[in-house]
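Notes for the one structure printed next.
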Amino acid sequence: MAESAGIIGKGIRIKGELSGTGELVVAGEIDGRIDLSDHLKVDESGVVNAEISAKQLTVFGKASGDMTANEKIEVKASATVIGDVKTPSIMIEDGATFRGNVHMDVQLPEGVGRRS
């Protein structure tokens, strides 16, 4: 049975470093640094101003700062994302606001993308 997601509810504001395992849903505000070994979801009411490192990141609300996801990042239509993102897979829905750079780190097969 899957573990329940942790929730930072509306009206809750956290400043500082947050780390852990499992899924986390942010409906409140976080300002600082997030290091999560699973899925981070920023709800529509959520506001995150942080350096983010997670397995997966899904943004419905607002996120700013450098963001790294080992698997994928999803920026939903209701989202505003400002910052550089690094991930092997990204999806930005129509209607989303995104300002920053995308770095898609993938391992290329031997000889691909290299000049002799």
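Taking every heavy atom of both residues into account, Val42 and Leu57 meet most closely at CG2-CD1, 4.4 Å. Scanning both residues, Glu93 and Ala77, for their nearest heavy atoms gives OE1-N, 2.9 Å. For the pair Ala69 and Pro88, the tightest heavy-atom approach, listed with the atom from each and the gap, is O-CD, 3.4 Å. Contact record, Ala5 with Val25: CB-CG2, 4.1 Å, taken as the closest heavy-atom pair. Shortest non-hydrogen contact noted between Val59 and Ala79 is O-CB, 3.2 Å. Nearest heavy-atom pair across Ala27 and Ser45 is O-OG, 2.8 Å.
Applying the salt bridge (Lys or Arg N to Asp or Glu O under 4.0 Å) test to residues at least two apart or on different chains, the pairs with a partner in residues 55-73 are Lys55-Glu71, Lys72-Glu74.
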Before giving the answer on side chain to side chain contact (heavy atoms under 4.5 Å, CB included), spell out for Thr58 and Val75 the whole-Å C-alpha distance, their side-chain angles and the decisive distance to 0.1 Å. CA-CA 6 Å; Thr58 305; Val75 181; over 6 Å; no

Determine, stepwise, if the pair Thr97 / Val81 fulfils side chain to side chain contact (heavy atoms under 4.5 Å, CB included). CA-CA 6 Å; Thr97 300; Val81 173; over 6 Å; no

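Judged purely by distance below 3.5 Å, without hydrogens or angles, the side chains of Asn49 and Asp31 never pair a donor atom with an acceptor atom.
Looking only at side-chain heavy atoms (C-beta outward), Phe98 and Ile82 stay at 4.5 Å or farther from each other. Taking 4.5 Å as the limit, every side-chain heavy atom of Glu44 sits out of range of all side-chain heavy atoms of Lys76.
Note that CD of Glu29 and CD1 of Ile12 are 10.5 Å apart. Values are rounded to the nearest 0.5 Å.
For the side chain to side chain contact (heavy atoms under 4.5 Å, CB included) test with Leu18, the passing option among Leu40, Asp35, Ile8 is Ile8; the others fail.
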